[in-house]
Amino acid sequence: MGSREFAQMPSGAHDMALAIEILSPVNALTQTQTSLTLLIERAASGDTAAFEQIMIHSQQRVMAMTWRMLGNEADARDASQEVFLRVYKHLGRFKQDQDFFAWLYRITVNVCRDLAKKRQHQSNRFTSLTADTNEAALAVTAGQEDAEEALIHTQQRQLITRAMATLPEKERASIVLRDVEGLPTDEVARIMNSSPTTVRSQISSARKKIKIYCEQYLRRKERSQ
Amino acid sequence: MNCKHVQELLPLYVGRDLEEKRAQMVMAHVQSCMECAGSVDEYRETRQLLKQFAPPPASDAVYAGIRQRVLREIEQEAAAPGLSRLLDSLFRPRLRWAVATALALAVSVFALYFIANRRNNQQQVAGSGRTLDVPTSPAIRGVDVRPVQKRDPVQGLAGITHQSLRRKSSGAAADRSRSTTVNSTGPGSMSAQTLPNENNTSEADAVPAGESARPEKTLRVEMQTKDPNIRIIWFSRSPNSKFSKGT
């Protein structure tokens, strides 16, 4: 329910009462939180329809996070499913004063860790993600500026995906939460069940490794041209 | 601040993860050092690249499929009987090792208890007239178990009377040893005697008055621990026990 404000009426139109409901971004956020809180309460008491609404609210975040952690769509789908199952099982433990999405990220990171351990061949799966965008398929033809731009974009995406695949699991999780999801370091530390100092060290190491990987890749490319 | 130190801090500096004081020092250095300024630009470019680290857009059908599978599993679990749910939760990957360890520990403890009990029984059966080592408890390690000869009730009474008189005169130290049948050889000793009930003054509470007239024997084992204040006394009414019939 947004704040209700009365617009300035033109003179001579006093008999026409007009109420305009304006949803400012802050109010919209509060509304989302309130509705999410209600949905959580209902879902915790076994209302699966409410839980489906929670899934709809959060499915894109969960899917993106699992993909970033695991590197391929099939695993990301399996992990997302497991995340929602765990969320449903542990909704009773969720405290209303907690940030739901931070709690959700924590579960997501744990599920991805478990799944990665199970699969063991995570790095291979990461590489397979980039197989569809191999070098030969990305040959640039002259005069196709849009295509060239799209190609650069794809190459960059491929490069960063490969660079991320080289990172250890904890460093990848930390940098995804900090640099991609944009969470503050303290929040990342809470999600990772770690200290801010450790998270800072992981982030520093990850940024350094990504930079070095990109430099080496570009140097190799320059030499080959 | 030299370049080496600044280069170490740059990954955190570009993400504004350094505390204010250090960030200002790095900034001052970067403004005067071309090489470090170049590194800052490179870090910023790779951070920009990270924004492209996103999954290919998934269709609504993919999300709907995930939701359906989740809801189906929730329904199945809700319909599952309580026992199978408990077993499921016990054998989840995280708990599997804990459950296995607990089971292994329980089996080990039971096996140890069983072996120790069996050994004790064997020692009691074979130990008539011999000194036995009882290693079951550190508190009574090295304790002597001396099955006491079967006594004549009168002899027992005489012994008790004699010792009781002696105890009265020996003061508080002797008072600690309330037993009248001790073959104590000092701390860490243990003795066993078979006594008629009527003569065993210290077990008056344990034996009903009506039974005292019967010629039933009581096995009494006393253990003096290293601590002179602690003595363990064990009674057993088993007239046919092999132990009590020791020589």
Side-chain angles (χ1 to χ4, degrees), chain A residues 46 48-49 51-52 55-56 59-60 62-68 71-73 76-78 80-85 87-89 110 114 117-118 129 153-154 156-161 163-164 175-176 178-180 184-185 196 199-201 203-215, chain B residues 6-19 22-23 26 36 38-80 85 88-89 92-97:
Chain A
T48 50
F51 186 66
E52 190 169 12
M55 285 199 281
I56 291 168
Q59 60 194 10
Q60 282 180 337
V62 171
M63 189 73 170
M65 184 69 192
T66 53
W67 183 89
R68 285 173 182 134
N72 70 85
E73 203 184 314
R77 250 184 272 175
D78 290 350
S80 301
Q81 191 180 321
E82 181 59 28
V83 167
F84 287 124
L85 281 170
V87 166
Y88 184 77
K89 275 178 196 162
N110 287 337
D114 291 348
K117 270 183 213 158
K118 220 176 181 178
L129 175 86
H153 185 79
T154 313
Q156 285 177 340
R157 196 162 155 254
Q158 181 187 18
L159 175 62
I160 194 66
T161 306
M164 291 296 279
I175 202 164
V176 165
R178 178 77 185 96
D179 285 357
V180 183
T185 309
V199 166
R200 247 178 240 122
S201 160
I203 290 168
S204 172
S205 171
R207 283 177 189 158
K208 213 181 285 179
K209 283 175 187 169
I210 291 172
K211 179 179 164 276
I212 291 169
Y213 185 93
C214 292
E215 277 172 5
Chain B
V6 169
Q7 286 288 338
E8 286 298 311
L9 297 174
L10 283 184
L12 293 177
Y13 172 75
V14 292
R16 296 182 182 182
D17 292 306
L18 275 183
E19 67 259 34
R22 274 182 157 187
V26 171
C36 290
S39 292
V40 169
D41 289 342
E42 284 166 5
Y43 274 116
R44 284 190 177 140
E45 278 170 28
T46 52
R47 284 198 82 214
Q48 283 297 315
L49 271 183
L50 269 172
K51 286 182 182 152
Q52 295 182 34
F53 185 53
S59 65
D60 286 346
V62 170
Y63 291 123
I66 292 170
R67 291 199 305 270
Q68 276 171 11
R69 282 194 295 275
V70 170
L71 292 173
R72 204 183 309 137
E73 203 154 318
I74 288 170
E75 277 169 26
Q76 279 172 359
E77 284 203 13
R85 243 181 290 167
D88 272 0
S89 66
R92 280 188 187 287
R94 280 193 164 197
L95 280 175
R96 200 175 289 153
W97 283 108

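Bear in mind that the values here come from a model prediction, so they are computed numbers and not experimental data. Hydrogens, waters and symmetry mates play no part in the numbers below; they use all other heavy atoms, side chains included. Chain identifiers are assigned alphabetically (A, B, ...) following the order of the sequence lines, protein sequences preceding nucleic acid strands; residue numbering begins at 1 within each chain.
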Give, as side chain, backbone, both or neither, the part of [X] having an atom under 4.5 angstrom from any heavy atom of chain B.
| X | result |
| --- | --- |
| A:Thr185 | side chain |
| A:Phe51 | side chain |
| A:Val176 | side chain |

Exercise. Can you tell which of B:Val14, B:Leu10, B:Leu12 has the highest number of heavy-atom pairs within less than 4.5 Å of chain A?
Worked result: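 The option with the most such pairs is B:Leu12.
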
State, yes or no, whether a side-chain contact exists between [X] and [Y] at a heavy-atom distance under 4.5 Å.
| X | Y | value |
| --- | --- | --- |
| A:Tyr88 | B:Val70 | no |
| B:Asp17 | A:Arg207 | yes |
| A:Cys214 | B:Leu49 | yes |
| B:Ile66 | A:Gln59 | no |
| B:Thr46 | A:Glu215 | no |
| A:Arg68 | B:Pro55 | yes |
| B:Val62 | A:Arg77 | yes |
| B:Tyr63 | A:Met55 | no |

For this session: Look at A:Ile56, A:Ile203, A:Thr48 and state which one has the largest set of heavy-atom pairs under 4.5 Å with chain B.
Result: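 Greatest number of close heavy-atom pairs with chain B: A:Ile56.
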
Measure the spacing between [atom1] of [X] and [atom2] of [Y] and express it to the nearest 0.5 Å.
| X | Y | atom1 | atom2 | answer |
| --- | --- | --- | --- | --- |
| A:Ile160 | B:Arg47 | CD1 | CZ | 11.5 Å |
| A:Gln156 | B:Leu50 | CD | CG | 11.5 Å |
| B:Phe53 | A:Leu159 | CZ | CG | 11.5 Å |

For this session: Let me know if B:Glu8 has heavy atoms under 4.5 Å from chain A in its side chain, its backbone, both or neither.
Result: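 Answer is both: backbone and side chain atoms of B:Glu8 are under 4.5 Å from chain A.
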
Exercise. So what's closer than 4.5 Å to chain A heavy atoms on B:Arg67: side chain, backbone, both or neither?
Worked result: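 Both parts, heavy atoms under 4.5 Å.
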
Exercise. Quick one: do the A:Arg157 and B:Gln52 side chains pair a donor with an acceptor below 3.5 Å?
Worked result: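 No, no side-chain donor-acceptor pair sits under 3.5 Å.
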
For this session: Apply side chain to side chain contact (heavy atoms under 4.5 Å, CB included) to the pair B:Glu73 and A:Gln81, showing each step before the final yes or no.
Result: CA-CA 10 Å; B:Glu73 203 154 318; A:Gln81 191 180 321; 3.8 Å; yes

Problem set entry | Salt-bridge criterion met for B:Lys51 and A:Asp179 (N-O under 4.0 Å) |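 Between A:Asp179 and B:Lys51 there is no salt bridge, as every charged N stays at least 4.0 Å from the carboxylate O atoms.
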
Exercise. Shortest non-hydrogen contact from A:Arg178 to B:Gly15?
Worked result: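 For A:Arg178 versus B:Gly15, the nearest heavy atoms are NH2-O, 3.2 Å.
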
Exercise. Passes salt bridge (Lys or Arg N to Asp or Glu O under 4.0 Å), B:Glu77 versus A:Lys89? Steps please.
Worked result: CA-CA 10 Å; B:Glu77 284 203 13; A:Lys89 275 178 196 162; 3.2 Å; yes

